[in-house]
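For reference, the structure discussed in these notes is given below.
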There are 2 protein chains.
Amino acid sequence: MNAKVTIHDVARMSGVSIKTVSRVLNREPNVKAATRDRVQEAVAALNYRPNISARSLAGSKAYLIGVFFDNPSPAYVTDVQLGAIGRCRTEGYHLIVEPLDSEGDVEEQVAPMLATLRMDGVILTPPVCDDARVLAVLDAEGVPYVRLSPDRDLDRSAYVRMDDVAAAYEMTAHLIKLGHKDIAFIKGHPDHGAAHLRYDGYAKAMAEHGLAVREDRVAQGWFSFRSGFEAAETLLAGEDRPTAIFASNDDMALGVMAVANRLRLNVPETLSVAGFDDTPGAKVVWPQLTTVRQPIQAMAAAAADLLLSGDLKGEDGAAPPSRLLDFELVVRESTGPAAG
Amino acid sequence: MNAKVTIHDVARMSGVSIKTVSRVLNREPNVKAATRDRVQEAVAALNYRPNISARSLAGSKAYLIGVFFDNPSPAYVTDVQLGAIGRCRTEGYHLIVEPLDSEGDVEEQVAPMLATLRMDGVILTPPVCDDARVLAVLDAEGVPYVRLSPDRDLDRSAYVRMDDVAAAYEMTAHLIKLGHKDIAFIKGHPDHGAAHLRYDGYAKAMAEHGLAVREDRVAQGWFSFRSGFEAAETLLAGEDRPTAIFASNDDMALGVMAVANRLRLNVPETLSVAGFDDTPGAKVVWPQLTTVRQPIQAMAAAAADLLLSGDLKGEDGAAPPSRLLDFELVVRESTGPAAG
DNA sequence: ACAAGCCATGACAACCTTGTCAAGGCGACC
DNA sequence: GGTCGCCTTGACAAGGTTGTCATGGCTTGT
């Protein structure tokens with residue numbers, strides 16, 4: 001019942017050589033249409049599937065794409081995997097996931113794996129995508145890679161990212177359009193490039209709409225719930241309060257919501273709250289959070305696409321290709337018209 | 001710099017045959033200690049890593065473990081991957097992740113993949129672990145698998161699960177010890193076996209402590225935030241309220257918290273709320289949620305261990321091996337002494 | 001001291017597919 | 001009509017490792 005079917009069986013059944021079967025399987029040119037059909041019938045009849053080990057041993061492809069991450073937001077990782085698989089599966093590629101421990105000896109984790117697996121490409125998520133050690137090993141082993149939302153060294157490799165500045169700009173504009181003039185901002189972890197970009201978008205929107213950014217309305221956060229909570233405690237102390245708070249990620253925004261609840265400030269009647277990222281938690285509060293959705297699956301799919309289409313070098317020494325994807329403003333119930 | 005190092009190079013350098021190198025690499029017996037050392041030195045000096053494709057083509061192992069899931073909670077999937085990798089990496093195994101679409105033709109997704117990859121084993125997470133079609137294909141292809149928290153057919157394969165009954169019992173007992181006598185319960189999705197087990201644990205604890213379960217204190221939920229929200233609206237309407245609500249997962253518990261906030265019921269002073277699962281959201285509310293933590297990483301590691309140790313059949317027709325892991329009660333701020 | 005058996009090792013085939021190169025067939029072009 | 005060149009196909013080696021089996025040396029038991 002389960003005897004392994006090899007390419008020889010297909011060749012015999014369709015009366016051609018194994019090489020021709022191989023040609024059909026790999027969509028190589030120079031096969032007569034009639035032959036091709038006959039082979040494909042045999043493949044279907046025998047339910048033949050090429051053995052991936054033999055393929056990669058004989059040929060140059062491993063049919064494996066790696067996904068590296070470290071201490072990730074689970075939702076992010078899952079989305080990356082789903083997006084990448086979507087593009088890979090149709091072409092017979094599979095996904096190898098490799099959690100890394102940046103605290104430890106990354107080289108020792110990455111190098112053996114690259115040497116044994118000979119993957120066709122790797123997708124790097126933050127913060128691994130900015131780890132010089134990882135990039136060095138990849139370069140040394142000659143494994144192509146695409147980075148997702150890298151912070152620096154953008155010319156070093158192909159990458160895919162979202163326009164954080166524009167997204168933060170739009171969110172701020174959304175609040176302004178609702179009538180808010182006194183909009184506070186909670187910054188993210190200064191080591192993350194996105195934190196700066198988001199602040200820039202906020203500042204730009206304020207400036208372009210003729211609104212001043214009061215220094216005491218900008219708080220430093222660390223992208224954590226707790227840091228959002230503490231920032232909100234400061235921002236909302238006393239009578240002179242902003243009418244809206246834009247936290248540069250959802251976890252911090254949820255911290256703001258918690259403080260608002262505690263202080264009995266109604267959201268959004270008294271205080272509007274906006275987040276960034278559209279994490280699962282954004283829908284698991286009441287009222288649900290207005291936020292920005294990163295097209296993570298699409299970004300991962302784009303990364304896989306760059307890897308599979310194989311033009312990562314950039315024509316003639318030009319910068320490697322990159323893609324900028326559109327964000328989506330998700331307006332839910334936590335933002336509303338400014339009071340008064 | 002980067003010429004591929006093969007087993008031949010190691011053999012030449014250490015003055016033995018490639019077969020002996022292979023023996024050392026695979027920890028086979030019958031190699032003199034001195035020879036072994038010499039070979040290992042050469043391996044280290046040349047930085048040799050065996051090629052996984054060649055290995056699996058020649059031998060019987062693929063050094064690949066699959067993880068199948070469908071529409072999962074991201075945190076769950078990530079934990080499974082981390083747990084499984086922890087056990088796999090030391091033995092040179094890698095993880096292939098395969099999201100499945102149970103709505104579509106699962107056979108068509110699974111069968112080709114098993115045939116091409118020839119994985120050494122597969123870890124199945126709910127709900128895939130109870131999908132008869134998937135199990136049938138795995139059996140047909142002869143690929144060993146371990147199921148995580150399966151609902152039914154427990155004798156069919158090896159599995160790993162947690163004691164949901166005991167965990168729900170303990171949580172209920174925790175509330176009772178705090179002085180609560182009027183404890184409401186929100187059930188989960190009736191299609192999930194865990195939903196029933198958790199209710200059973202609750203009911204058992206109530207009975208053993210001589211407390212009656214009022215029918216109007218048990219609400220049907222669906223494991224979603226919204227269903228928890230709605231159940232809480234009913235449970236908390238009017239003056240005759242329970243002093244504690246035990247929701248059988250965190251999402252529903254967060255729904256309860258949202259309603260409590262809305263009704264200005266202080267948690268935990270007026271109302272204690274308990275959840276189940278310890279999702280990331282549990283820490284992203286105020287007060288943070290008392291809940292039950294499933295040892296998901298440990299469960300996945302145990303599954304990988306069963307796969308790698310390879311005794312999945314059960315001795316002499318006995319039931320396949322299974323492991324029952326301990327839960328952990330995570331007491332945070334959302335539960336407190338009963339009022340009055 | 002001799003047979004039996006175990007230990008350590010090596011030669012070689014096998015695993016299944018792709019890459020290389022050669023060859024036959026056929027139409028086009030001069 | 002002959003030559004060139006493209007399309008189509010096949011034979012065979014290559015890819016790096018493990019499995020099988022054979023070999024020779026050394027130990028054990030009598």
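Order of the sequence lines fixes the chain letters, A, B, ..., with proteins taken first and strands second; residue numbering starts at 1 for each chain. Everything numeric in this text was worked out from a predicted model, so none of it was measured.
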Practice problem: Please assess His8(B) against Val21(B) for the test side-chain contact (heavy atoms from CB on, under 4.5 Å), listing each intermediate value before the final yes or no. | Solution: CA-CA 9 Å; His8(B) 292 276; Val21(B) 177; over 6 Å; no
Quiz item: Passes salt bridge (charged side-chain N to carboxylate O under 4.0 Å, His left out), Arg133(B) versus Asp105(B)? Steps please.
Solution: CA-CA 9 Å; Arg133(B) 299 167 300 172; Asp105(B) 187 337; 6.0 Å; no
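Taken over five-pair windows at either terminus, the axes of the helix from dA1(C)-dT30(D) to dC30(C)-dG1(D) are inclined to one another by 30° (rounded to 10 degrees).
Counting only N and O atoms by type, the side chains of Arg147(B) and Ser157(B) include a donor and acceptor under 3.5 Å apart. Side-chain atoms of Gln81(B) and Gln81(A) include a donor-acceptor pair closer than 3.5 Å.
Salt-bridge check for Arg89(B) with Glu98(A): passed, with a basic side-chain N closer than 4.0 Å to an acidic carboxylate O. A salt bridge is defined here as a Lys NZ or Arg NE, NH1 or NH2 lying under 4.0 Å from an Asp or Glu carboxylate O, and Arg87(B) with Asp305(B) meets this definition.
Counting heavy-atom neighbours within 6.0 Å of Glu103(A) CD, excluding the residue itself, gives a total of 12 or less.
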Practice problem: For each nucleotide in nucleotides 14-27 of chain D, reading 5' to 3', give B when a protein heavy atom comes within less than 4.0 Å of its base, S when such contact involves only the sugar-phosphate, and - otherwise. | Solution: -BBBBBB-------
Identify all pairs in which a protein N or O lies below 3.5 Å from an N or O of nucleotides 22-28 of chain C, and state each distance.
none

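Side-chain atoms of Asp120(A) never come within 3.5 Å of backbone atoms of Ile65(A) as a donor-acceptor pair (strictly under, hydrogens ignored).
Between dG10(C) and Thr20(B), a contact under 4.0 Å exists linking OP1 or OP2 to a side-chain N or O.
A cation-pi contact links Arg55(B) to Tyr63(B), judged by a cut-off of 6.0 Å to the six-membered ring centre and 45° from its axis. For the pair Arg323(B) and Tyr159(B), the cation does not sit on the ring face, since its NZ or CZ is not both under 6.0 Å from the ring centre and inside 45° of the axis.
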